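Have a look at the structure below, then the notes.
The structure presented is a predicted model; accordingly, all values stated were derived computationally and were not measured. Numbers for residues simply follow the sequence, beginning at 1.
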Amino acid sequence: MDRFECSYYTKMDNGQVECMLCPHHCRIGEGRTGICHSRRNENGTLVSDVYGRPCALAIDPIEKKPLYHFHPGTQCLSVACTGCNFHCHNCQNHDISQAAPQQVRHMSLMPSDLVDICIEHNCPGIAYTYTEPLTYIEYVSDTAHLAHEKGLWNILVTAGYVCKEPLNDLLPLIDAANIDLKSFSDDIYQRISGGRLQVVLDTILAMQEAGIWIELTNLIIPSVNDDLQMIRNMCRWIATNNLSHVPLHFSRFFPQYKMSHLSPTPLETLRKAREIAREEGLQHVYLGNV
């Protein structure tokens, strides 16, 4: 299959292209890729090296996303391509999220193939998950269009680091999303993931305004983002923005990737976080990986 031309970029006079998909705005020279490793400059055209090339495919319970209040008890077809525009030190899927496409085995499945597989296995929805689906937004969008035509749900599992235009284009196609709210500190976002907090908060509010069912996940990492006052500030922001009904999943950290030297999150820390969330008025608080 020929490489697929990306949306959301501009051509520059010097042969470079500037990707406008996420706030990194990568300026990419000939033959190079952006931070996500999957969008490449080919002779002055930005192309996706992963369109139609998923590296992971599975049938999962919808609760695994995690989505606890969106059609619980059902299954979804989970699909992922390589790539991510964050470089989280704790990434549990770093073998595919931080890899270049040529480093990972992949399948050849066009959007219509994914929809056919979903229907064949009686899955009522497709989840774009495991890595960062926004980095292969064209593949997600084309698949989601076909999925809606067949009456299937579209579920986005994302870190939410994206510019407003591509996000607004995608939102009408998404039925539910779990957004990974990594911390409530811009400094931690920059140091641990390589992004900015406010962009993620704006994505959450945009999804809320679009009427998408959203749930939030906060992975609590010892000595990194386990400050209880910061957790309270996060919960207070959620409540203040009329999101008290949104399920919040506090997830337990286990040593991974560049944070293999840390210990698992103490259960007591998770319980304290849940207590804080309830004190701030959040109605549905869950503990994950326990």
Side-chain angles (χ1 to χ4, degrees), residues 56 58-76 78 80 84 86 88-97 125 127-133 155-160 176-185 188-189 192-193 197 200-201 203-204 207 212-228 230-235 237-239 243-257 259-260 262-290:
I59 295 175
D60 290 325
I62 203 165
E63 289 83 359
K64 188 179 177 181
K65 298 302 100 189
L67 289 172
Y68 282 11
H69 290 238
F70 183 79
H71 301 284
T74 59
Q75 293 184 318
C76 56
S78 293
C84 186
F86 274 170
C88 300
H89 296 184
N90 58 286
C91 183
Q92 65 177 1
N93 290 325
H94 58 88
D95 55 332
I96 54 176
S97 71
Y128 312 93
T129 181
Y130 301 146
T131 56
E132 178 47 71
I155 299 163
L156 196 67
V157 182
T158 177
N178 185 290
I179 305 104
D180 191 2
L181 184 52
K182 297 180 181 296
S183 76
F184 209 67
S185 161
I188 293 174
Y189 256 93
I192 303 302
S193 301
L197 168 63
V200 181
L201 299 181
T203 295
I204 293 170
M207 288 187 174
I212 293 169
W213 178 257
I214 58 178
E215 303 193 18
L216 304 175
T217 295
N218 177 233
L219 177 72
I220 299 181
I221 306 172
S223 76
V224 176
N225 66 343
D226 58 348
D227 178 79
L228 295 181
M230 183 174 65
I231 291 172
R232 185 176 295 279
N233 293 342
M234 179 185 69
C235 295
W237 179 89
I238 294 170
L243 296 167
S244 297
H245 65 286
V246 168
L248 174 61
H249 304 261
F250 287 117
S251 189
R252 191 183 190 196
F253 165 85
F254 287 95
Q256 294 280 356
Y257 195 31
M259 288 187 170
S260 59
L262 297 180
S263 300
T265 313
L267 293 178
E268 183 60 25
T269 302
L270 294 170
R271 295 189 186 105
K272 288 179 179 177
R274 179 172 59 189
E275 181 179 345
I276 288 170
R278 289 173 173 170
E279 288 173 357
E280 294 299 327
L282 304 194
Q283 299 169 19
H284 308 289
V285 188
Y286 301 99
L287 304 185
N289 289 344
V290 294

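The CD1 atom of Ile238 sits 5.0 Å away from atom CG of Leu248, with the distance rounded to the nearest 0.5 Å. With values rounded to the nearest 0.5 angstrom, Thr269 atom OG1 is found 12.5 Å from Ile221 atom CD1. Distance check: Phe70 CZ to Asn178 CG gives 12.5 Å after rounding to the nearest 0.5 Å. To the nearest 0.5 Å, atoms OG1 (Thr217) and CD1 (Ile179) are separated by 8.5 Å. Between the CG atom in Leu219 and the CG atom in Asp180 there is a gap of 7.0 Å [rounded to 0.5 Å].
Put simply, the side chain of Ser78 never gets that close to the backbone of Ala127: no donor and acceptor are under 3.5 Å apart. In this structure, Ser183 contributes its side chain and Ile188 its backbone to no donor-acceptor pair below 3.5 Å. Between the side chain of Asn225 and the main chain of Lys182, a donor-acceptor pair closer than 3.5 Å is present. Under a 3.5 Å cut-off, the side chain of Asp226 and the backbone N or O of Ile220 do not form any donor-acceptor pair. Judged by distance alone, with hydrogens and angles left aside, the side-chain atoms of Asn90 form no donor-acceptor pair with the main-chain N or O of Met259 at under 3.5 Å. At distances below 3.5 Å, at least one donor-acceptor pair connects side-chain atoms of Glu215 with backbone N or O atoms of Tyr68.
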For a quick test of your reading: what N or O donor-acceptor pairs under 3.5 Å do the side chains of residues 280-290 make, sequence neighbours left out?
unit_1: Glu280; atom_1: OE1; unit_2: Arg236; atom_2: NE; d: 3.1
unit_1: Glu280; atom_1: OE2; unit_2: Arg232; atom_2: NH1; d: 2.8
unit_1: Glu280; atom_1: OE2; unit_2: Arg236; atom_2: NH2; d: 2.8
unit_1: Tyr286; atom_1: OH; unit_2: His69; atom_2: NE2; d: 2.5
unit_1: Asn289; atom_1: ND2; unit_2: Ser251; atom_2: OG; d: 3.0
unit_1: Asn289; atom_1: ND2; unit_2: Arg252; atom_2: O; d: 3.2

